[in-house]
Amino acid sequence: MEVMPHGLIRRLAGARYVTALTGSGISAESGVPTFRDAQTGLWAQYKPEDLATPEAFARDPELVWDWYAWRRGLIAQAQPNAGHHALVVLAHCIPGFTLVTQNVDGLHQRAGSTDVIEFHGNIGRTRCSRESLLVEETMPATDDAGRRCPRCGAWLRPDVVWFGEAIPTTALETAFAAAKRSDVFLSIGTSWQVYPAASLAELAQAAGACVIEVNPRPTPHSHFASYLLNGPAGVMLPALTSALTRAGAAREPR
Ligand code: BV8
């Protein structure tokens, strides 16, 4: 079991408000490729940033749908890992805990996290590309009929935020407010390349929060973290919650 720095545990134990921002790295141990991992097979020739755009969808909706169907397939086979489960425990220890995720895989909710702020939407939901209303998928979105709005016939699309699209207002405002009031800000499994999500840690730090980065590799923002937990989230987060509990700091579960 990894040994946690005493100072980190003290800060966490004394924190009223803690915000965790997760990126695709927390789902890596569930077998879901990270957003910038080299893609495999047919998708090896494409960069996610080029496919996750309104322009790509307008140009070739079938191709973009096939990419999302492939990713939905990977996610359907995935299970939440120890990192996801540790954040459920952490939320029970700290009443003022907020979970913001950049991920669209829904694994936090499947692990039992509630009130998850989905900064970039959720690949499991589908909406009309014209009316933006959510659509219950009556048939799998693997053929043309399943990819058309039953009301207006326009293309359906996954309910995710593409590059160049605005973050949903409620998610943006709630996440920014949480970052600004945080005593501790955990950045977990993200390369901090995507904005405005990456600015949350900067906001928290500017407001006096202690920033903790959980990542097996250094990132462009490691320099302003107070603590670097250089390892997989599935190892580091359970060690962190165990140390917090051992310190007797865990409050009675809510
Ligand atoms: C917007 C959904 C404006 C789709 C995604 C400055 C300010 C504002 C915007 C911009 C700006 N500069 C540039 C922009 C534009 C753009 C942007 O950020 N571009 C980047 C490429 C420079 N931002 C936008 O377009 C955003 N919108 O700003 O709108 C606006 C306002 C009003 C009106 C109109 C428009 C929207 C961005 C949302 C994009 N959508 N996802 C989909 O998934 O298909 S983003 C995508 O990247 C994923 O959601 C992913 O979560 C996210 C971040 O990537 P990471 O999670 O960090 O993944 P990555 O692979 O990079 O890193 C993984 C990390 O995990 C690594 O560090 C690795 O070491 C680590 N790791 C690996 N294994 C483990 C691990 N860590 C822990 N444990 C392990 N086991």
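Just follow the structure's listing: the first ligand is 1, and inside any ligand the first atom is 1. For the numbers below, each heavy atom of this structure counts, side chains included, while hydrogens, waters and symmetry mates do not.
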Same cluster or not: [X] versus [Y], using hydrophobic residues (I, L, V, M, F, W, Y) connected whenever any side-chain heavy atoms lie under 4.5 Å apart?
X: Trp70; Y: Trp65; result: yes
X: Leu87; Y: Met236; result: yes
X: Tyr68; Y: Val32; result: yes

Minimum non-hydrogen distance to [atom], winning option of [options]:
atom: atom 46 (C) of ligand 1; options: Phe35, Trp162, Tyr195, Phe119; value: Phe35
atom: atom 4 (C) of ligand 1; options: Val161, Asn230, Ile26; value: Val161
atom: atom 43 (O) of ligand 1; options: His120, Arg36, Arg71; value: Arg71

Any nitrogen or oxygen of [X], side chain or backbone, less than 3.5 Å from one on ligand 1?
X: Arg217; value: yes
X: Gly231; value: no
X: Ala233; value: yes
X: Trp67; value: no
X: Gly164; value: yes
X: Asp37; value: no
X: Glu49; value: no

Under a 4.0 angstrom heavy-atom cut-off, which atoms of ligand 1 come close to [X]?
X: Glu29; value: 78 (N), 79 (C), 80 (N)
X: Gln102; value: 48 (C), 49 (O), 51 (O), 52 (C), 53 (C)
X: Gln193; value: 18 (O), 20 (C), 22 (C)
X: Tyr68; value: 4 (C), 42 (C), 44 (O)
X: Pro232; value: 78 (N), 79 (C), 80 (N)
X: Ala28; value: 73 (N)
X: Asn103; value: 51 (O)
X: Gly23; value: 56 (O)

Under 4.0 Å from [atom], can you find at least one protein heavy atom?
atom: atom 34 (C) of ligand 1; answer: yes
atom: atom 20 (C) of ligand 1; answer: yes
atom: atom 15 (C) of ligand 1; answer: no

Is there a side-chain contact between Arg151 and Val135, using heavy atoms and a 4.5 Å cut-off? yes

Could you check whether any side-chain heavy atom of Phe163 comes within less than 4.5 Å of a side-chain heavy atom of Val194, counting everything from C-beta outward? yes

Asp50, CG: over 12 other non-hydrogen atoms inside 6.0 angstrom: yes

Are there more than 12 heavy atoms of other residues, nucleotides or ligands under 6.0 Å from atom CZ of Arg10? no

Have [X] and [Y] got a donor and an acceptor in their side chains that come within less than 3.5 Å?
X: Trp162; Y: Glu55; value: no
X: Glu118; Y: Gln109; value: yes
X: Thr101; Y: Thr22; value: yes
X: His84; Y: Gln79; value: no

Can you report which non-hydrogen protein atom sits closest to atom 37 (C) of ligand 1, along with the distance? Val194 CG1, 3.7 Å

Parallel, tilted or perpendicular, judged at 30° and 60°: which one describes the rings of His223 and His221? tilted

Salt bridge Arg16-Asp183, side-chain N to carboxylate O under 4.0 Å: no

Taking Ser222 for the side chain and Pro218 for the main chain, is one N or O donor matched with an acceptor at less than 3.5 Å? no

Side chain, backbone, both or neither: Met236 near ligand 1, heavy atoms under 4.0 Å: neither

